[in-house]
Number of protein chains: 2
Amino acid sequence: MSRIPARERRRQLVAAAFRVIGEEGFAAATTRRVCAEAGAPLAAFHYCFASKQELLSELTDYAMGELEVARAGGAVVRATVAESLRATLRGYWDTVEADPNREAVLTALTQHALGDPALAGVARRQYEAYHRTARATLTEVADGCGVRWRLPVEQVARMTVVVTDGVTVAWLVDRDSAAAVAVLDAFAEQLALLAEPA
Amino acid sequence: MSRIPARERRRQLVAAAFRVIGEEGFAAATTRRVCAEAGAPLAAFHYCFASKQELLSELTDYAMGELEVARAGGAVVRATVAESLRATLRGYWDTVEADPNREAVLTALTQHALGDPALAGVARRQYEAYHRTARATLTEVADGCGVRWRLPVEQVARMTVVVTDGVTVAWLVDRDSAAAVAVLDAFAEQLALLAEPA
DNA sequence: GTCTATAAAGTGATAGAC
DNA sequence: GTCTATCACTTTATAGAC
């Protein structure tokens with residue numbers, strides 16, 4: 001019938017798993033459910049992936065890639081550091097609200113990886129990517145505003161990841177957007193105090 | 001054989017589920033695995049609980065109770081607000097490091113509840129409890145130090161939950177205790193700036 | 001109340017026809 | 001390569017002996 005290349009099938013299945021987990025949670029992502037979502041027969045699964053774990057591993061890469069696309073142009077430079085940080089964090093927030101499922105998938109993957117020793121490295125790589133992104137963005141903002149961080153940028157980056165991650169999870173639970181933005185704005189002001197003229 | 005009251009059996013099974021999820025992740029918590037962990041036969045499960053979901057619901061209450069016990073005497077009052085907040089947050093952190101599995105279970109339950117509409121209320125209640133606890137602790141600290149919060153205490157509480165939750169998840173992933181404490185200390189200083197003389 | 005044994009449904013993974 | 005049909009196993013949940 002439809003002669004779809006395996007490469008393309010893989011992509012479809014990963015994207016389908018992404019949607020299923022985002023909308024119905026990790027437990028719903030059975031091979032059957034994923035194949036149905038992709039419009040593929042069940043058997044397609046195992047001639048595209050050696051195992052379900054292989055799909056999950058590729059899914060993590062895919063989700064991180066989606067993240068990188070969404071976060072592109074992360075740093076925003078304005079007149080002051082405080083304003084720049086606020087705009088940057090609001091930019092982050094727009095990417096969350098634009099696609100909440102992506103965040104739900106990422107937190108689900110983290111959680112799953114925590115329980116599975118075979119995937120422990122996956123969660124670590126995920127957070128290292130978060131930290132790397134935050135570090136780059138913070139450096140860009142500081143450079144653009146002609147300031148430097150009073151603390152090691154690694155530490156400021158971790159604070160930022162902690163806050164964005166925490167805000168996101170809290171929002172996934174109660175969907176209180178106003179509260180989320182208020183926290184991010186307050187954090188932007190506090191972060192600005194950690195900068196000094198270069 | 002062992003004539004154990006159902007009430008006690010329930011307690012044992014909930015505690016067993018708690019341990020299994022904490023150590024091996026949510027997916028490992030099958031009825032079999034939980035019963036084995038509790039030293040109970042498989043059939044014990046269904047004359048203690050109508051369904052697995054009933055256990056999970058009770059488990060959430062149990063975990064929240066454990067949390068309340070661990071966090072008892074949360075507020076610490078010292079000479080200054082900054083010192084008080086730092087001591088209080090470090091007290092929080094001690095409870096995390098003393099029993100990391102409790103936190104792992106709570107994040108796993110949150111994650112699971114996010115995907116299951118039938119349990120959406122569970123996650124919300126969980127976070128409401130977090131916010132309530134944070135609000136009470138922050139109020140206690142402010143009163144003890146003779147200051148008041150510049151922002152509505154609800155917002156300061158949400159900031160605190162965001163940070164503690166974020167720090168905890170990041171630590172569950174990479175177990176970097178020094179980084180966790182550094183973030184909490186920095187946050188304590190920043191929070192102190194949100195207080196003014198009463 | 002307590003257990004062994006088993007049912008009924010769902011799971012990841014394959015065999016084998018086309 | 002692609003699919004139908006099915007395997008081997010695990011899951012939640014029950015029956016029925018003691």
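Lettering follows sequence order; numbering is per chain, from 1. The structure displayed is predicted, hence computed values, not measured ones.
- Per the geometry, CG belonging to B:Leu55 stands 10 Å off P belonging to D:dA13, to the nearest Å.
- Relative to the side chain of A:Arg9, the nucleotides C:dG12, D:dC3, C:dT4 differ in distance, and D:dC3 lies closest.
- Distance check, rounded to the nearest 0.5 Å: CG of B:Leu109 to OG of B:Ser57 gives 10.0 Å.
- For B:Tyr47, no side-chain nitrogen or oxygen approaches OP1 or OP2 of D:dT14 to under 4.0 Å.
- Atom-to-atom, CG of A:Leu42 to C1' of C:dT14 comes out at 10 Å; the value is rounded to the nearest Å.
- Residue A:His46 places no side-chain N or O under 4.0 Å from the OP1 or OP2 atom of C:dT14.
- One finds no side-chain N or O of A:Arg7 lying less than 4.0 angstrom from the OP1 or OP2 phosphate oxygen of D:dG1.
- Under 4.0 Å is where a charged nitrogen must lie from a carboxylate oxygen, and between A:Asp185 and A:Arg90 at least one such pair does.
- Atom-to-atom, CZ of A:Arg33 to C1' of C:dG10 comes out at 15 Å; the value is rounded to the nearest Å.
- Judged by atom type and distance alone, A:Arg32 does not reach the base of C:dG10 through any side-chain donor-acceptor pair under 3.5 Å.
- Of the possible polar contacts, one joining the A:His131 side chain to the A:Tyr127 backbone as a donor-acceptor pair under 3.5 Å is found.
- Across the protein-nucleic acid pair, A:Leu13 atom CG and D:dC3 atom P stand 11 Å apart, rounded to whole Å.
- Using a 4.0 Å cut-off between charged nitrogen and carboxylate oxygen, A:Glu24 and A:Arg33 count as a salt-bridge pair.
- Side-chain atoms of B:Arg102 and B:Thr95, non-hydrogen and from C-beta on, do get closer than 4.5 Å to each other.
- Relative to the side chain of B:Ala43, the nucleotides D:dT14, D:dA13, D:dA5 differ in distance, and D:dT14 lies closest.
- The distance between atom CZ of B:Phe45 and atom P of D:dA15, rounded to the nearest whole Å, is 17 Å.
- A straight line from CZ of A:Arg10 to C1' of D:dG1 spans 16 Å, rounded to a whole angstrom.
- Among the protein residues, B:Thr31 comes within range of the nucleic acid bases, having at least one heavy atom under 4.0 Å from a base atom.
- In this structure, A:Phe49 atom CZ and D:dT2 atom P are separated by 14 Å, rounded to whole Å.
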